[in-house]
Amino acid sequence: MRRFCEELVNHGVPLLRMQLAQRALHPEFGGIGFTWTRQDGLNSEYFERVDHKEPRNEWVQSPFFALISSGEAEYYSRFSSEDEARFPIFTRLKEMGATSYFAHWQPFGDFSQAQFDPDSPNAEGLVASWSFDGPPEEAEPCLALLRNVFGTLALVLAAAGNREMGRALLQVYLGRDAGARVLSGEIARGSSQRIDAVICLFDLRGFTALSESLPGEELVDLLNDYFGHVVQLIQSHGGNILKFMGDAVMAMFNLGTLQEDAQAALRAVAELGPRMRAVNEARAAEGLPLAEYTMALHAGEILYGNIGAPNRLDFTVIGPAVNLTARIADMHRAVERSIILSEDVRDAAGLDGADLVSVGRYMLRGVAEPIELFTLYQPET
């Protein structure tokens with residue numbers, strides 16, 4: 001878009017500002033907008049989703065909204081007093097030096113005005129505007145040029161937008177690392193690799209009782225609240241979320257070496273207790289139901305890749321290390337500790353494991369040799 005605007009100026013178009021808005025298929029935001037000005041260059045903005053919300057006044061009072069609502073393909077204005085009263089943005093554009101305005105809309109795919117909701121800026125399509133300075137008579141001959149090139153521009157941006165939406169959705173639903181791998185072509189059933197990593201299994205304690213007493217909506221809100229904090233914490237230390245399993249989160253640290261993995265995992269775990277206490281304090285202040293947690297960690301070799309049926313694959317991890325992490329998670333009641341990790345994590349962490357305290361050696365189900373388990377010592381502050 002930056003190059004497009006610069007080329008228009010180079011070809012004599014008195015372009016002062018261009019704005020473009022496009023749908024973004026993403027759980028956090030519904031659209032993305034770009035604004036180019038001759039003075040400041042290109043800037044971008046994300047628009048919040050409007051699902052179950054009233055649309056923003058800025059959107060409803062915009063020429064874009066009016067254009068899409070009308071079903072017309074374009075709109076032109078010389079900033080008459082009537083137009084300026086109708087669209088507040090025109091006052092700001094005139095203050096910038098604009099003397100005329102042209103907008104064009106290109107829907108994508110099958111379009112039916114009867115099925116279209118103009119209240120939502122998240123619709124399938126591309127809408128753009130160009131503001132010109134100088135005499136309007138000099139800008140109006142350029143409108144034919146914009147009409148001729150807009151179809152190509154829309155096609156290029158749609159292709160780029162679709163790839164970006166695919167990247168974002170794959171990261172959201174598969175995780176950052178797995179999403180990137182799938183998008184890069186690791187999609188064959190059975191394709192996998194052996195890696196050394198630290199596996200983490202986070203679980204909400206007492207969730208079964210909560211699920212029997214809370215309405216479904218409150219239960220979902222509870223999961224989202226706790227999971228949101230846990231995911232942010234793990235990702236901030238370089239971990240990757242592998243999957244959600246009811247009230248549990250499986251993650252892994254795979255930063256390059258097993259020592260780096262273990263040290264990053266321990267840094268995350270050290271922050272987990274204070275973070276969860278803060279979450280519970282905030283929820284208690286609002287009278288919301290509370291949950292406690294457990295976290296199990298183990299280090300070892302895992303098989304990481306595509307597993308499943310030809311038409312339904314999962315990019316996941318398997319192997320004895322994954323199974324052992326689950327066995328360690330089962331020991332929380334026995335050792336009466338929220339955080340438990342294996343001797344393999346302690347050994348891999350090196351000096352960073354100095355605050356780990358043994359809670360004993362155990363024979364775990366399905367494991368031939370006894371394993372020593374540790375917890376993290378965190379003195380009260």
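Judged by distance alone, the side chains of Arg86 and Gln61 never bring a donor and an acceptor atom under 3.5 Å apart. Counted by atom type alone, Glu186 and Ser191 present zero donor-acceptor pairs between their side chains at under 3.5 Å. Counting only N and O atoms by type, the side chains of Glu260 and Thr257 include a donor and acceptor under 3.5 Å apart. In summary, the side chains of Ser342 and His298 do present a donor paired with an acceptor at a separation below 3.5 Å, with no hydrogens or angles considered. Judged purely by distance below 3.5 Å, without hydrogens or angles, the side chains of Arg17 and Gln39 never pair a donor atom with an acceptor atom.
Other residues, nucleotides and ligands contribute over 12 non-hydrogen atoms within 6.0 Å of the CZ atom of Arg78. Annotation: Gln193, atom CD; neighbour count of heavy atoms from other residues, nucleotides and ligands within 6.0 Å is above 12. More than 12 heavy-atom neighbours from other residues, nucleotides or ligands sit within 6.0 angstrom of CZ on Arg361. Heavy atoms from other residues, nucleotides or ligands lying under 6.0 Å from CZ of Arg38 number more than 12. Counting heavy-atom neighbours within 6.0 Å of Leu290 CG, excluding the residue itself, gives a total above 12.
The pair Glu7-Arg3 meets the salt-bridge criterion, since a charged nitrogen lies less than 4.0 angstrom from a carboxylate oxygen.
Using bins of under 30°, 30° to 60° and over 60° for the plane-to-plane angle, the ring pair Phe150/His104 lands in the tilted bin. Classified by interplanar angle (parallel below 30°, tilted 30° to 60°, perpendicular above 60°), the ring pair Tyr101/Phe79 is tilted.
Checking side-chain atoms of Asp225 against main-chain N and O of Asp221 turns up no donor-acceptor pair under 3.5 Å. A donor-acceptor pair is defined here as one N or O able to donate and one able to accept, closer than 3.5 Å; no such pair exists between the side chain of Arg194 and the backbone of Tyr304. Between the side chain of Arg176 and the backbone N or O of Gln235, at least one donor-acceptor pair lies under 3.5 Å. A donor-acceptor pair under 3.5 Å is absent between the side-chain atoms of Thr35 and the main chain of Asn43, judged by distance alone. Side-chain atoms of Glu301 do not come within 3.5 Å of backbone N or O of Ile195 as any donor-acceptor pair. When atom types are taken as modelled, the side chain of Arg275 and the backbone of Val230 share no donor-acceptor pair closer than 3.5 angstrom. Listed for the Asn280 side chain is a donor-acceptor partner under 3.5 Å among the backbone atoms of Ala291. Judged purely by atom type and a 3.5 angstrom limit, Gln263 uses its side chain to pair as donor or acceptor with the backbone of Ala349. Put simply, the side chain of Tyr362 gets close to the backbone of Val359: a donor and an acceptor are under 3.5 Å apart. No donor-acceptor distance shorter than 3.5 angstrom exists from the side chain of Asp133 to the backbone of Leu16, with no hydrogens or angles considered.
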- Worked verdict on Arg267 versus Glu271 for salt bridge (charged side-chain N to carboxylate O under 4.0 Å, His left out): CA-CA 7 Å; Arg267 287 193 294 270; Glu271 295 181 24; over 6 Å; no

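Atom CD1 of residue Ile371 and atom CG of residue Asp344 lie 5.5 Å apart, to the nearest 0.5 angstrom. With values rounded to the nearest 0.5 angstrom, Asn240 atom CG is found 9.5 Å from Gln171 atom CD. Leu266 contributes atom CG, which lies 11.0 Å from atom CZ of Arg346 (distance to the nearest 0.5 angstrom). Annotation: the span from Leu67 atom CG to Trp105 atom CH2 amounts to 7.5 Å, rounded to 0.5 Å. Remark: Glu74 CD to Leu146 CG distance equals 10.0 Å, nearest 0.5 Å. With rounding to the nearest 0.5 Å, the separation of CE in Met18 from OG in Ser129 is 7.5 Å.
Partners of Glu95 according to the salt bridge (Lys or Arg N to Asp or Glu O under 4.0 Å) rule, which considers only residues two or more places apart in sequence or in another chain, do not exist here.
Aromatic pair Phe244/Phe227: ring centres closer than 6.0 Å.
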